[in-house]
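Please read the structure below before turning to the comments.
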Amino acid sequence: MRRTVPALVIALFGALLTGCQQAPKGHDQLDAVLWTQTAIEHELLYQQIYAAATRQLRPALADPQWDALAQAPRDLSGLPPALIVDIDETLLDNTPVNAKAVVDGGAYDYAEWYRWVEKAEARALPGSVAFMQTAAGLGITPYYLTNREPGQEGDTLRNLRQAGFPIEDIGQILTAGTAIGGCQQAGSDKTCRRQWVGERARVLLMVGDSYGDFIAAPNRLSAQRQVAAPYQAWFGQRWFLLPNPTYGGWYTAPYKDRDELPDARKRALKHQALILP
């Protein structure tokens, strides 16, 4: 006699199997990394911004008083033309490191980041190589102001060259905390490094993915708006800002850069920063 298994038993067994399967861990950066790596909008935005920056090279070069540094007017006569550009998420795509943290379900792994830099395998972001090569063809020297750490210049140089970016000398790479004459600033502030370039060149354009790539201000939106107000017309003209939803000062601002806080507390503070209807 053939026996059939009741449908209820089958359903219960299926439910038990489903319960045994592990669902992916939730991660704050999942959607940001997914958008950055897969969205056509991300690709087109980069191409659009770099195309606009390319169109500004010749007008800026032709105007002997054109200056992209936010400082008092200075004597530009005799200074060669230059660009100031950020590297990470401006020229090179490092989101595979973020993606690994998402898949692993853990915090961003700085040991993995160091290994990534050493491999020098980051790919160029859309539009970036063509822009930089056009600038080089016009005789404009790029200075790469990056918040990578001192000691990473050699691997960074190798990655930039392999990706097709024009760079003649490792001295064009200024890493975080670089002592420039009598001016040295801690952390990610690039003011001293911008001033150092400005003493040697007429800076035509600046390109970056962070507010701090252009001008310094406290990590508070109200303060940043106030400092940026006199330079609103420079965005899209002398300053070119790229989108980066994966990290930046905005990401840590809700918990006031206190990385020692538990993840749950950080997330709660992010929720408190949201604007609700």
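Note: hydrogens, waters and symmetry copies are ignored here, and every other heavy atom, side chains too, is used. Since we're looking at a predicted model, the values are computed, not measured.
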Worksheet item: Going through the checks in order, is the ring-ring contact (aromatic ring centres under 6.0 Å, His included) test met by Tyr231 and Phe214?
Response: CA-CA 10 Å; Tyr231 303 99; Phe214 308 96; over 10 Å; no
Item to complete: Please test Lys100 against Asp109 for salt bridge (charged side-chain N to carboxylate O under 4.0 Å, His left out), starting from the C-alpha separation and ending with a verdict.
Response: CA-CA 9 Å; Lys100 189 175 188 306; Asp109 187 348; 5.9 Å; no
Give a yes or no answer on whether the side chain of [X] reaches the backbone of [Y] with a donor-acceptor pair at less than 3.5 Å.
X: Gln133; Y: Gly164; result: yes
X: Glu153; Y: Gly151; result: yes
X: Asp63; Y: Ala60; result: no
X: Arg158; Y: Gly154; result: no
X: Arg193; Y: Thr175; result: yes

Smallest separation among heavy atoms of [X] and [Y], with atom names:
X: Thr90; Y: Ser128; value: O-CB, 4.2 Å
X: Pro230; Y: Val227; value: CD-O, 3.2 Å
X: Thr191; Y: Ala216; value: OG1-CB, 3.6 Å
X: Ala122; Y: Leu92; value: O-CD2, 3.7 Å
X: Trp239; Y: Ile215; value: CH2-CB, 4.2 Å
X: Arg161; Y: Asp169; value: NH2-N, 4.3 Å

How many angstroms lie between atom [atom1] of [X] and atom [atom2] of [Y], to the nearest 0.5 angstrom?
X: Arg194; Y: Leu69; atom1: CZ; atom2: CG; answer: 8.0 Å
X: Thr36; Y: His42; atom1: OG1; atom2: NE2; answer: 5.0 Å
X: Asp155; Y: Leu160; atom1: CG; atom2: CG; answer: 11.0 Å
X: Thr95; Y: Leu125; atom1: OG1; atom2: CG; answer: 8.0 Å
X: Leu205; Y: Ile140; atom1: CG; atom2: CD1; answer: 7.0 Å
X: Asp257; Y: Thr252; atom1: CG; atom2: OG1; answer: 3.5 Å

With the side chain counted from C-beta on, respond yes when [X] and [Y] share a heavy-atom pair under 4.5 Å apart, and no when they do not.
X: Lys266; Y: Asp263; value: yes
X: Val203; Y: Tyr143; value: no
X: Gln224; Y: Arg220; value: no
X: Leu242; Y: Leu45; value: no
X: Gln56; Y: Gln237; value: yes
X: Met132; Y: Leu91; value: yes
X: Thr146; Y: Leu174; value: no
X: Pro142; Y: Gln172; value: yes

Any Lys/Arg nitrogen of [X] or [Y] sitting under 4.0 Å from an Asp/Glu carboxylate oxygen of the other?
X: Asp28; Y: Lys270; answer: yes
X: Glu118; Y: Arg115; answer: no
X: Lys190; Y: Asp86; answer: yes
X: Asp67; Y: Arg74; answer: yes

Find out if a path of hydrophobic residues (ILVMFWY) with successive side-chain heavy-atom gaps under 4.5 Å connects [X] to [Y].
X: Phe240; Y: Ile84; value: no
X: Leu241; Y: Met206; value: yes
X: Ile40; Y: Trp35; value: no
X: Val129; Y: Tyr46; value: yes
X: Val85; Y: Leu138; value: yes

Worksheet item: Just checking, any donor-acceptor pair under 3.5 angstrom between side chains of Glu149 and Tyr114?
Response: yes
Worksheet item: Does a donor on one side chain sit under 3.5 Å from an acceptor on the other, for Asn244 and Glu89?
Response: no
Worksheet item: Are Arg238 and Trp66 in a cation-pi setup, meaning NZ or CZ lies under 6.0 angstrom from the ring centre and within 45 degrees of the ring axis?
Response: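 Yes, a cation-pi geometry holds between Arg238 and Trp66.
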Is the number of heavy atoms from other residues, nucleotides or ligands under 6.0 Å of [X] [atom1] greater than 12?
X: Gln226; atom1: CD; result: no
X: Glu260; atom1: CD; result: yes
X: Arg123; atom1: CZ; result: no

Item to complete: Could you check Val117 against Arg148 for side-chain contact (heavy atoms from CB on, under 4.5 Å), going step by step and ending with a plain yes or no?
Response: CA-CA 9 Å; Val117 172; Arg148 294 185 175 199; 3.7 Å; yes
Discussion item. side-chain contact (heavy atoms from CB on, under 4.5 Å) for Leu145 and Val197? Distances and angles first, verdict last.
Written reply: CA-CA 10 Å; Leu145 273 60; Val197 175; 4.2 Å; yes
Discussion item. Between Leu83 and Val207, does the side-chain contact (heavy atoms from CB on, under 4.5 Å) criterion hold? Intermediate values first, please.
Written reply: CA-CA 8 Å; Leu83 298 176; Val207 186; over 6 Å; no
Worksheet item: For Asp209, which residues count as a salt bridge (charged side-chain N to carboxylate O under 4.0 Å, His left out) partner, sequence neighbours excluded?
Response: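 Once residues adjacent in sequence are excluded, Asp209 has no partner under the salt bridge (charged side-chain N to carboxylate O under 4.0 Å, His left out) criterion.
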Worksheet item: Does the ring center of Phe165 lie less than 6.0 Å from the ring center of Tyr144?
Response: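 Ring centroids of Phe165 and Tyr144 are no less than 6.0 Å from each other.
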Worksheet entry | Derivation of the side-chain contact (heavy atoms from CB on, under 4.5 Å) call for Trp116 and Asn159 | CA-CA 11 Å; Trp116 173 257; Asn159 200 159; 5.6 Å; no
Worksheet item: Parallel, tilted or perpendicular: which describes the rings of Tyr251 and Tyr255, with under 30° parallel and over 60° perpendicular?
Response: perpendicular
